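Take a look at the structure set out below.
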Amino acid sequence: MSSTEAKSSLLKQRFEKAEKLEKQGINLFPNTFRKKHDIIEIKEKYKSLSNEELEKVEEQSVIAGRLMAVRSFGKATFAHIQDGSDRIQIFLQQKELGADKYKFFKKLDIGDIIGVIGKPFLTKTGELTLNVSDFELVTKSLRPLPEKFHGLKDVEARYRQRYVDLIVNPKVREIFRTRTKILKLIRQYLDERGFMEVETPMMQVIPGGATAKPFETYHNALGMKLYLRIAPELYLKRLLVGGFERVYEINRNFRNEGISTQHNPEFTMLEFYMAYADYNDLFKITEDMFSYLAQEILGSQKVNYQGNEIDLTPPWNKLSFYESLEKIGGLSKDQYQDIEKAKNLVRELGENVKEYESLGKIQTKLFDLLVEPKLIQPHFIYHYPTEVSPLSRRNDKDPSITDRFELFITGREMANAFSELNDPRDQKKRFEEQVKEKAKGEEEAHFMDQDYVRALEYGMPPAAGEGIGIDRLVMLFTDSPSIREVILFPLLKPEKDK
RNA sequence: GGGUCGUUAACUCAGUAGGUAGAGUAUCGGCCUUUUAAGCCGAGAGUCGCAGGUUCGAAUCCUGCACGACCCA
């Protein structure tokens, strides 16, 4: 849809009206009006005053906002205007403004941005309202807004034209305010504990730190293929080697995979690393951080998510990976320890199995199918098989498993955490195994990263690290069923150019 | 990648024996000084997602495509 051609009659009408106003010498896009107050300030300031008290108010309120609704009578008009903070009713009278100015107001459209000067009073129904002594057109709106009562419902339009969604759907504004608040609280939480926020490359020569397919790009001047990062992990741990003992990064990761209610190709991840700590410390920090967020955001440890009440009060359930296969997945040791039996089981459950897939990989598939969807309340699942945890420290007693856990809430993975592998010799072997898997056809296997091994050879202090998916966290706290509801501009295919 | 559903006015939606489209909001004109989904009277507004096919005739039936939603892989 082009803005200059093939206009609907409604659009044409607005463009013509705009031209007419301009011919009368009215600037449709002036940048001279300066508001003095946010609407919410006005509302807070006067909310408890009676009409007698309001009459004594000397100060003029000077606000600006978008015209959202108009109820017009002959010589008086009620309207609502909305700014970034709130919405307020205004009252305009011909006898107050003069016939010409009043007539001009009646020519305005819903969607126009206006500046308003007036004093507060209470209407018959007790609504705080500004009695307008003067107003100005600040920005002309040339496109009609969606209907005032139903708002914009079409999901495709809501995502493509998020700006319209934000104008007309207050709940959507609220979700993104909450998102920002969550990010701020997380930063505050980590900063208070001595963590340093850092930025590491988004474009990497070797995409490491996760099991995922990367996006490729190309640097022209260097004549070199680059990847968008799938995780910042290996860079953050290089910083541990460098001597920063507590670091974190909150930023985008990119994974070249399918799109669903749980996945957007770019998504936001928190990763934090602390030296001289292990995964036992991370259980506590995770519980503490989530319950802190719940308290600050919702004022409660109970979160309602899509009809389920999630109780975030620590401590949370803990089960080892194998225990969970047995107790929640209902499997016997025999069923998940014999690779052929396990593979057959996965196939019976309707998922594909590739020849080269390791027992650990098959076991995680069983977990994904039989256990994960049942983990509605918070559950830590710990001691993952070493073969599916190439960056995690082995358990001291049983080297076939790692000191790693994942957190699940509402049947979804919310966090992945482990004691960090800091033995460069073991790390090198683990990379070599990944390279072998890649050669067998496992597209998502890790790449060899020689420099990372070299860094470990200098000595990385013992450490623990964790990644938390921010989008899913925001979904939980805003009761959003789809990741697209918590990403301002989710990826969509381009609309057809007519 | 597969399945199901959707796409009609700016927005929210109706629209079956297949007979060239309708409501509310919004817009335009008129009346109206306490409304808040204001009210009353009148008017204009559509490539029925796109392209084919069947038919005397298609928003409606068939095929393909595009975009989206949900589910599955």
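These numbers were taken from a predicted model, which means no experiment stands behind them. In the text below, chain A, chain B and the rest are named by the order of the sequence lines, each starting its count at 1.
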- request: Could you please name the option among B:rG44, B:rG68, B:rU33 that lies closest to any side-chain atom of A:Phe73?
  value: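 From the listed options, B:rU33 comes nearest.
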
query: Of all the nucleotides listed (B:rC28, B:rA37, B:rG44), which has the minimum atom distance to the side chain of A:Phe149?
result: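 My answer, after comparing the listed nucleotides, is B:rA37.
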
Distance check needed: [N] [atom2] versus [X] [atom1], whole Å only.
| X | N | atom1 | atom2 | value |
| --- | --- | --- | --- | --- |
| A:Gln94 | B:rC32 | CD | P | 10 Å |
| A:Asn51 | B:rU34 | CG | P | 16 Å |
| A:Leu492 | B:rA66 | CG | C1' | 14 Å |
| A:Asn352 | B:rG1 | CG | C1' | 11 Å |
| A:Lys103 | B:rG30 | NZ | C1' | 14 Å |
| A:Phe91 | B:rU33 | CZ | P | 10 Å |
| A:His263 | B:rC70 | NE2 | P | 14 Å |
| A:Asp154 | B:rC5 | CG | C1' | 14 Å |

How would you label the contact of [X] with the nucleic acid (heavy atoms, under 4.0 Å): base, sugar-phosphate, or nothing?
| X | result |
| --- | --- |
| A:Thr261 | sugar-phosphate |
| A:Gln93 | base |
| A:Arg14 | nothing |
| A:Leu145 | nothing |
| A:Arg484 | sugar-phosphate |
| A:Lys365 | nothing |
| A:Lys75 | base |
| A:Lys153 | sugar-phosphate |
| A:Tyr159 | sugar-phosphate |
| A:Gly258 | nothing |

- prompt: So, are A:Lys493 and A:Glu495 salt-bridged, with charged N and O less than 4.0 Å apart?
  reply: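 Looking at A:Lys493 and A:Glu495, the cut-off is not met.
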
query: Between A:Lys47 and A:Glu44, is the closest basic N to carboxylate O distance under 4.0 Å?
result: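 A salt bridge links A:Glu44 with A:Lys47.
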
- request: May I ask whether A:Phe78 stacks on the base of B:rU35, given the cut-offs of 5.5 Å between ring centres and 30° between planes?
  value: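 One would call A:Phe78 stacked on the B:rU35 base.
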
query: Quick check, are the ring centers of A:Phe105 and A:Phe135 under 6.0 angstrom apart?
result: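 They qualify: ring centres under 6.0 Å apart.
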
message: Centroid separation under 6.0 Å, is that true for the rings of A:Tyr384 and A:Tyr322?
response: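 Centroid separation for A:Tyr322 and A:Tyr384: 6.0 Å or greater.
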
- prompt: Taking only side-chain nitrogens and oxygens of A:Lys124, does any of them come within less than 4.0 Å of OP1 or OP2 of B:rU33?
  reply: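 For B:rU33, neither OP1 nor OP2 has a side-chain N or O of A:Lys124 closer than 4.0 Å.
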
Do the side-chain N and O atoms of [X] and [Y] include a donor-acceptor pair separated by under 3.5 angstrom?
| X | Y | value |
| --- | --- | --- |
| A:His446 | A:Arg430 | no |
| A:Glu59 | A:His37 | yes |
| A:Thr402 | A:Tyr382 | no |

message: Closest-nucleotide mapping onto RNA chain B: is A:Lys17 or A:Ile259 further toward the 5' terminus? I mean the 5' end.
response: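 Residue closer to the 5' terminus by nearest nucleotide: A:Lys17.
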
statement: Assert: residue with more 5' nearest nucleotide on RNA chain B, out of A:Ser482 and A:Gly350, is A:Ser482

- prompt: Between B:rG52 and B:rA59, how far is it from one P atom to the other, in whole Å?
  reply: 14 Å

- prompt: On a plain distance test, is the side chain of A:Glu127 in donor-acceptor contact with the base of B:rU35 below 3.5 Å?
  reply: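 Such a pair does not exist between side chain and base.
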
- request: Please determine, for B:rA69, whether a Watson-Crick or G-U wobble partner exists with both distances under 3.5 Å, and give it or none.
  value: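 Partner of B:rA69: B:rU4.
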
